[in-house]
Amino acid sequence: MKVLAIDTSNFVLGISILDNDKIIGEYVTNLKKNHSVRAMPAIEQLMRDCDVKPKDLTKIVVANGPGSYTGVRIGVTIAKTLAWTLQIPLVGISSLEVLAASVGRYYDGFVSPIFDARRGQIYTGLYRFSKNSSATLKKDQLILTTDWIEQLKEEKEKILFVGNDVSLHQNIIASALLEQAQFAHVADENPRPAVLAVLGSEKEGQDIHSFTPNYIRLAEAEANWLKANKGKKEEQA
């Protein structure tokens, strides 16, 4: 079994190849650069380095959001195209779960991965991991940081916050949760595409035609359009 994993859901561009139970290649950058230009060359280079040809692949795994609308869309489009062309299974994994699992299997507590969503909001969820299992304690959601903190106070558990965007919210989290809040080391802030590959290798393929990104919320332009056209639809009804 050879699994190709792709994550372009945020600034991090991550590609990995899993060969049965071994990660044979992994590519990660955390740069504000265009994934649409860099993703396919990165995939092609990693496959060449690992001596893996397209026909050798048995599954495609992609981080399908939430995150950057453009980034998520790029990764999902590439993954769907490859899976359809090669006629192999496609699996989508939460971008937040990938980030949480990158550190969670070695942490005895809850894990809250964070992507900044601007205007005081974050994309987050609450997870707990062990070596052989994982549990989603609170589903992925878009929420005000202050509201999330109030929910976490009720858990009475230590919580590890992880992600490159944690620093944007760290002061308010630390002052409110005190010793309940733990923060991942800078070396653990990037989601690992190797973890994405492993998570996806354990799941069944999904229908390629109906496979869509999980944005959690509408893109701002789409939301504005729906708001502007709401009155017109009501008049026509």
Side-chain angles (χ1 to χ4, degrees), residues 7-12 14 30 32 62-76 92-105 107-129 133-186 188-192 195-196 199 212-227 230:
D7 187 354
T8 63
S9 55
N10 288 282
F11 285 155
V12 173
N30 182 20
K32 192 176 181 180
V62 65
N64 67 333
S68 157
Y69 295 112
T70 302
V72 171
R73 194 159 52 243
I74 289 168
V76 168
I93 300 292
S94 160
S95 303
L96 287 166
E97 182 180 357
V98 176
L99 178 56
S102 296
V103 296
R105 295 185 189 280
Y107 179 72
D108 184 22
F110 295 172
V111 182
S112 176
I114 285 180
F115 299 146
D116 183 59
R118 296 183 296 179
R119 299 171 184 165
Q121 300 175 103
I122 54 176
Y123 293 113
T124 189
L126 195 64
Y127 295 85
R128 187 163 209 165
F129 298 88
S133 65
S134 64
T136 302
L137 306 177
K138 290 183 181 291
K139 67 179 183 178
D140 294 353
Q141 57 193 283
L142 173 68
I143 189 171
L144 286 167
T145 306
T146 50
D147 291 345
W148 184 239
I149 289 170
E150 290 305 310
Q151 289 189 30
L152 296 182
K153 283 181 180 178
E154 300 174 1
E155 296 298 333
K156 310 299 181 183
E157 288 271 354
K158 288 189 180 298
I159 299 165
L160 178 66
F161 294 88
V162 60
N164 288 299
D165 295 336
V166 168
S167 60
L168 300 174
H169 305 268
Q170 185 165 341
N171 288 341
I172 188 172
I173 292 171
S175 61
L177 295 180
L178 303 174
E179 294 182 359
Q180 188 183 0
Q182 310 285 309
F183 298 96
H185 189 273
V186 64
D188 298 317
E189 299 286 19
N190 291 337
R192 292 283 307 280
V195 172
L196 173 61
L199 290 173
T212 56
N214 178 22
Y215 295 123
I216 292 185
R217 69 175 177 184
L218 296 174
E220 187 172 359
E222 186 177 359
N224 290 339
W225 185 91
L226 289 173
K227 183 178 180 180
K230 181 179 179 182

[X] vs [Y] side-chain heavy atoms within contact, under 4.5 Å:
X      : Y      : answer
Leu96  : Tyr123 : yes
Glu154 : Leu152 : no
Val111 : Val162 : yes
Ser68  : Arg73  : no
Ile149 : Ile172 : yes
Ile122 : Phe115 : no
Tyr215 : Pro66  : no
Gln141 : Gln121 : no

So, does [X] use its side chain to make a donor-acceptor pair with the main chain of [Y] at under 3.5 Å?
X      : Y      : value
Ser95  : Ser9   : no
Asp165 : Ser167 : no
Glu155 : Lys153 : no
Thr136 : Lys139 : no
Gln180 : Lys158 : no
Thr124 : Ile114 : no

Which atom pair, heavy atoms only, marks the closest approach of [X] to [Y]?
X      : Y      : result
Thr8   : Gly71  : OG1-O, 2.6 Å
Val166 : Phe161 : CG2-C, 4.0 Å
Asn10  : Gly67  : OD1-CA, 3.8 Å
Ala184 : Leu160 : N-CD1, 3.5 Å

Ring-ring centroid check Tyr107 Phe129, cutoff 6.0 Å: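 No: the rings miss the under 6.0 Å criterion.
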Residues that Arg128 engages under salt bridge (charged side-chain N to carboxylate O under 4.0 Å, His left out), provided they are two or more places apart: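 Expected list: Asp108, Glu157.
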Worked verdict on Asn164 versus Asn190 for side-chain hydrogen bond (donor to acceptor under 3.5 Å, both in side chains): CA-CA 7 Å; Asn164 288 299; Asn190 291 337; 2.8 Å; yes
Residues, nucleotides or ligands: over 12 heavy atoms within 6.0 Å of Phe11 CZ: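 No - once you tally the heavy atoms of other residues, nucleotides and ligands closer than 6.0 Å, there are 12 at most.
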